[in-house]
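Quantities reported herein were computed from a predicted structural model and do not represent experimental measurements.
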Amino acid sequence: AALRHKDEEVRRLAAMAAANIAVYEGNQVQMVTDGVLAPVNDLLKSGNEDIELQAARCLAYLSQHEDNKVQIARDVGIAHFIQLARSRTQDVQILAATCLANLSTVRGVSASW
């Protein structure tokens with residue numbers, strides 16, 4: 001609920017918390033199973049650089065786990081990460097490239113996902 005809160009500062013802090021929780025491998029699959037991808041993906045389009053950075057950081061961590069890769073590629077989309085790699089901020093570009101590198105190991109991954 002906090003990731004979709006109407007207050008921008010609450011969303012920023014929630015995105016930061018999600019990214020911090022996603023650092024730990026033991027949390028990564030559970031977070032995706034619990035449905036974090038849709039709200040985090042929405043935050044990537046927030047227009048707020050800090051929120052977008054934290055959302056990209058969260059996805060970079062989540063995409064490290066083999067069990068999450070196909071779902072992230074399908075739910076967020078490879079094309080979306082390619083678009084993010086053209087972001088106005090270098091940190092988001094790096095995180096988008098990290099996600100693409102992590103997802104590149106998925107057999108049959110396609111830019112149309």
Side-chain angles (χ1 to χ4, degrees):
L3 290 170
R4 292 197 165 142
H5 197 276
K6 65 178 181 170
D7 184 87
E8 188 171 72
E9 181 65 4
V10 172
R11 288 193 313 275
R12 185 187 71 79
L13 292 171
M16 184 185 301
N20 289 343
I21 292 167
V23 168
Y24 300 101
E25 185 178 349
N27 297 330
Q28 293 168 351
V29 172
Q30 190 63 51
M31 289 176 72
V32 171
T33 300
D34 289 345
V36 77
L37 292 181
V40 169
N41 188 30
D42 290 344
L43 292 177
L44 288 173
K45 306 166 200 161
S46 71
N48 178 299
E49 289 182 19
D50 291 334
I51 291 173
E52 291 172 359
L53 176 67
Q54 295 305 324
R57 193 168 70 90
C58 181
L59 288 170
Y61 289 126
L62 294 176
S63 68
Q64 291 175 342
H65 201 290
E66 210 55 46
D67 294 346
N68 290 339
K69 292 181 180 189
V70 170
Q71 189 167 351
I72 292 171
R74 287 189 179 144
D75 291 0
V76 178
I78 299 300
H80 190 68
F81 289 118
I82 293 169
Q83 180 183 0
L84 277 176
R86 298 180 186 117
S87 172
R88 62 190 174 277
T89 65
Q90 184 177 11
D91 289 338
V92 172
Q93 291 172 357
I94 291 167
L95 291 166
T98 300
C99 290
L100 287 168
N102 290 341
L103 299 176
S104 70
T105 62
V106 176
R107 184 181 188 110
V109 72
S110 165
S112 65
W113 284 16

Do V32 and D67 touch side chain to side chain, with heavy atoms closer than 4.5 Å? no
Between L53 and T89, is any pair of side-chain heavy atoms under 4.5 Å apart? no
Inter-residue atom distance T98.OG1 - Y61.OH, 0.5 Å rounding: 9.5 Å
Could you tell me which non-hydrogen atom of L44 sits nearest to which non-hydrogen atom of A56, and how far apart they are? CD2-N, 3.5 Å
Listed once per pair and sorted, the salt bridge (charged side-chain N to carboxylate O under 4.0 Å, His left out) pairs that draw on residues 31-51, sequence neighbours left out: R4-D42, E49-R88
Please report the shortest heavy-atom distance between K69 and L103, naming the atom on each side. O-CD2, 3.5 Å
Kindly compute the distance separating CE (M31) from CG (L37), expressed to the nearest 0.5 Å. 9.0 Å
Which residues pass the side chain to side chain donor-acceptor pair (under 3.5 Å) test with D91, not counting sequence neighbours? none
Closest approach of R86 and Q93, non-hydrogen atoms and distance? C-NE2, 4.2 Å
Indicate the atoms forming the closest heavy-atom contact of L3 with L43, along with that distance. O-CD2, 3.5 Å
May I ask you to test the D75-N41 pair for a side-chain heavy-atom distance under 4.5 Å? no
Tell me whether E52 contacts the main-chain N or O of G47 through its side chain, where contact means a donor paired with an acceptor under 3.5 Å. yes
Can you name the nearest heavy-atom pair linking D7 to V10, along with the distance? OD2-N, 3.0 Å
Closest approach of L62 to Q28 (non-hydrogen atoms, all atoms of both residues): CD2-O, 3.6 Å
Count I, L, V, M, F, W, Y as connected when their side-chain heavy atoms are under 4.5 Å apart, and connections chain through other members. Are I72 and L100 then in the same cluster? yes
Quick one: side chains of residues 11-24, donor-acceptor pairs under 3.5 Å with protein atoms, not counting sequence neighbours, listed by atom name and distance.
from : atom 1 : to  : atom 2 : distance (Å)
R11  : NH1    : H5  : O      : 2.8
R11  : NH1    : K6  : O      : 3.0
R12  : NE     : E9  : OE1    : 3.0
R12  : NH2    : E9  : OE2    : 2.7
N20  : OD1    : R57 : NH1    : 3.4
N20  : OD1    : R57 : NH2    : 2.7
N20  : ND2    : M16 : O      : 3.4

